[in-house]
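Have a look at the structure below, then the notes.
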Amino acid sequence: MKKLRLRFSRSQLCLPYAVFLILFVIVPLIVILYYAFTNGQGHFTFDNFKSFFTNANTIGTLLYSLYLAAVTTIICLLIAYPTAYLLARSGFKKQYVLLMLFIAPMWINFTLRITALKEVLSVLEGNLSDFPFLNSVIGLTYDFLPFMILPLYTSFLKLDKSLLEAASDLGANKFFVFLQVTLPLSVPGIVSGVTMVLLPSMTNCVVLEMLYNKTYIPGSLIDSYFKAFDWNRGSMISIVLLIIIFIVTLVTNRFSDKDGERRTIL
Amino acid sequence: MNESNNIIELKSVRKEFDDETIAVDNFNLEVKKGEFVTFLGPSGCGKTTTLRMIAGFELPTSGEILLNGEDISKLPPNKRPVNTVFQKYALFPHLNVYENIAFGLRLKRLETTVTDKKGNTKVKKIKLNKYEIDKKVKKALEMVDLEGFEKRSVSTLSGGQQQRIAIARALVNEPEILLLDEPLGALDLKMRKEMQIELKNMHKRLGITFIYVTHDQEEALTMSDKIVVINDGEIQQIGTPTEIYNEPVNTFVADFIGESNIFNGTVVGKLKVKFCGATFDCLDDFELNDMVDVVVRPEDIKICAPNQGQLKGKVISTVFKGVHYEITVEVGKFEIVIQSTSSAEVGAVIGMRVEPDGIHLMRKVYTVNKYDGVITKTNTVQFGDGEFECDVTKLYPSSHLDEEGYLITAQGEKIDLTGVEVDVEIDTHDIEMSDDKTAGGVVGNIISMIYKGDHYRYIVRTEENEEDYVLSCPDLWNTDDRVSLIIPKEKIKLKFKATEEDK
């Protein structure tokens, strides 16, 4: 009997993804673009954008979310950096178990995690709505910390130990070794950690809502516009966010590109 | 300063790792200022660990490392006036060539005496200024022939260039000792030869003490003033390249440095040694009947007419090696390698001569008897002119024997081991002597006995093939006593020959 051979050309192999891409990425993008630049009657207009950038309230949501995301990212970095360093550098035989413990929250259902956090916080604070900003930062940090630890951990693991030895051989004490070798070489880890925490925490309105933070962020704005069937303004804010994210990625890509070149010799 | 001109001394240095493996033991070494010292040994012998202890990356478990007479063994690397060239260069990937070389200079503080306005003198630590750093970096780049490379990223450099930068980065700090950890290991042959010459020149020009680690014996012989041959964490021999090559102290050194023929020999008279079935004159004086290792360099064996030589054998291979031919000759059961400028035809019978100064004798260190054996059907093993009961089930884990004497493996496979060749090992204290000629597996005469403080060491030789058994025994026997040897079957260690294992 002849063996049945399955052979696909490259173009055939990428067909499933192409279908997915068109249905769920390109078509929705076109729809969003259409709504963002039209009014309720379907006429072309810039009014949606004009009203967003001239209204202090809507600009406020954007700044607030940026501020919240920045604080969250910095706190995540401050917690994750030493943790990842210790995890990767220590001679623990149970290194991976420890890493798992830090990563495990990622595998637990999001709603469950935040609800549990809510209970803990209400015991500590009494009325949750008294500390909306603090609670949001705690919630977001709790949610996104693993995304900061993982890339940092990997970049510390990759760090060639002989570089640290070379630095101390050339006269650097422990502090200088860290400052001049460890820190600069962990920049790619920092950059990808920051990207992975900053962007999602800018738009994650669910955490805020669950922790009774009534302040609007762009994510919640979109939600409220869509709930009121105002597709046009909702789409407009999506476009604004898209552009911000695009710019941030562009900036961070610069760092990681340079790094790709460096890594080749490590 | 100490009176001697030793720049560094290692005194009974020992390094034990956390998992209790002993990397370096009883390491004693003196290095003079300006010397080029090479640590030579196979990988895992402890040479790199020793270097790392001098650099300060590892702390010795015990012992002292003295630099100019002061103990530095507990100092961190940044406090030691030594610099290292790493095996894989370890250049900083985030810095360019200039910054890599300037790394050490920027951290350097010069102690200078300053007189202030009131006339008080103070010792101040000051940084090198930009101009000084610039000058030194330029000079270092010049030294390694890479002028104009300042702004280049290190990742754009070739292996050889990176190696030069690594050397420049270390030398720019003007260390008292430069440590080099297999620095040329990653380069191709041609590049390696070039760098060897360049390093040697640099050493001559700068007068800095070099400590060089390598497993390449040729590299060590070409470059060093002094070679330290290391094996299993212990120094085997210290000497100049010529001494190491011409007067190896044991078979390990002889085997590791250059090509060698190594034979088992016996001293049969004053300055006479017997090996390969012939008696030779030699220059090393040993006691009569001493068992020795005989080392003969391939180039010390001269080819002559079959009837004029001390040895006669058949050529089994001839390989042209550029300057010389490498000829392998079969003499009885021995194989001898000869290097000669003249060729010999395969199959031809030739004679061989060895002058007395070409024969190096070394005292054997006895711990174990080794024989080539053959397993026989009745689960006995034949070796050394005798036949002994043995436990063949040890050759296969959890196997057993059936009633007919066949071996059944753990998987239930039936194996006939008859005729299989094995390596046999017996510890010297596992052999017993007996007056009853039928009690043991072999009969022989005691040819030598040496009192070793608390026991005697005997050598028993069989008549048929003159096989020797070395054994330790607290009881007194007499030379020329005829004894039979008893070896308990569980003390006979069997191992498949390498080729049998492959099957």
Side-chain angles (χ1 to χ4, degrees), chain A residues 81 84-85 88-95 151-152 154-194 251-266, chain B residues 17-19 48 51-52 54-58 75-96 99-109 127-128 153-159 161-162 165-166 168-175 177-179 181 186:
Chain A
Y81 199 90
Y85 183 81
R89 289 269 130 220
S90 67
F92 287 142
K93 283 194 180 137
K94 301 278 182 308
Q95 225 184 44
L152 282 171
T154 340
S155 75
F156 285 132
L157 270 193
K158 271 189 199 156
L159 189 61
D160 187 353
K161 217 180 146 204
S162 66
L163 291 176
L164 307 180
E165 284 179 352
S168 79
D169 186 67
L170 292 166
N173 59 27
K174 281 188 175 149
F175 175 69
F176 272 99
V177 171
F178 174 79
L179 202 69
Q180 302 195 329
V181 181
T182 314
L183 189 63
L185 288 176
S186 63
V187 165
I190 296 175
V191 168
S192 64
V194 165
V251 172
T252 50
N253 260 0
R254 289 208 146 190
F255 282 98
S256 32
D257 264 357
K258 259 196 212 159
D259 170 62
E261 199 181 275
R262 284 173 191 153
R263 268 188 201 152
T264 52
I265 73 143
L266 272 185
Chain B
F17 283 117
D18 293 340
D19 57 354
T48 297
L51 194 83
R52 290 170 59 80
I54 299 173
F57 305 136
E58 308 274 0
L75 282 183
N78 53 319
K79 295 256 160 50
R80 302 187 185 200
V82 298
N83 284 116
T84 311
V85 176
F86 291 83
Q87 191 171 7
K88 287 180 193 132
Y89 322 133
L91 296 176
F92 304 117
H94 57 296
L95 302 175
N96 65 17
E99 289 302 320
N100 261 286
I101 297 176
F103 195 95
L105 295 174
R106 292 197 197 286
L107 293 162
K108 207 169 192 168
R109 302 287 180 270
K127 285 186 181 184
L128 291 167
S153 149
V154 289
S155 57
T156 62
L157 304 180
S158 71
Q161 289 168 333
Q162 290 191 26
I165 299 299
R169 182 178 71 174
L171 283 177
V172 79
N173 303 297
E174 292 156 22
I177 304 173
L178 183 71
L179 307 174
D181 184 8

Minimum heavy-atom separation for B:L91 to A:L163, with atom names? O-CD2, 3.1 Å
Atom NZ of residue position B:K88 - does it have more than 12 heavy atoms of other residues, nucleotides or ligands inside 6.0 Å?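 No.
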Only counting residues at least two apart or in another chain, list the ones meeting ring pair (Phe, Tyr, Trp, His ring centres under 6.0 Å) with A:Y85.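 So A:Y85 forms a ring pair (Phe, Tyr, Trp, His ring centres under 6.0 Å) with A:F156.
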To the nearest 0.5 angstrom, please state how far the CZ atom of B:F103 sits from the CD atom of A:Q180.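 If I round to the nearest 0.5 Å, the distance is 4.5 Å.
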Working to the nearest 0.5 angstrom, can you tell me the gap between A:S162 OG and B:Y89 OH?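 OH of B:Y89 is found 12.0 Å from OG of A:S162.
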Evaluate the side-chain proximity of A:N173 to B:P76: yes if any heavy-atom separation is below 4.5 Å, no if none is. no
So do B:F92 and A:L170 actually touch side chain to side chain, heavy atoms under 4.5 Å? yes
According to the salt bridge (charged side-chain N to carboxylate O under 4.0 Å, His left out) rule, which pairs have a member within residues 165-187 of chain A, sequence neighbours left out? A:E165-B:R52
Name the option with the most non-hydrogen atom pairs under 4.5 Å to chain A; the candidates are B:D18, B:L179, B:L107, B:N173.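 So the answer, after comparing B:D18, B:L179, B:L107, B:N173, is B:L107.
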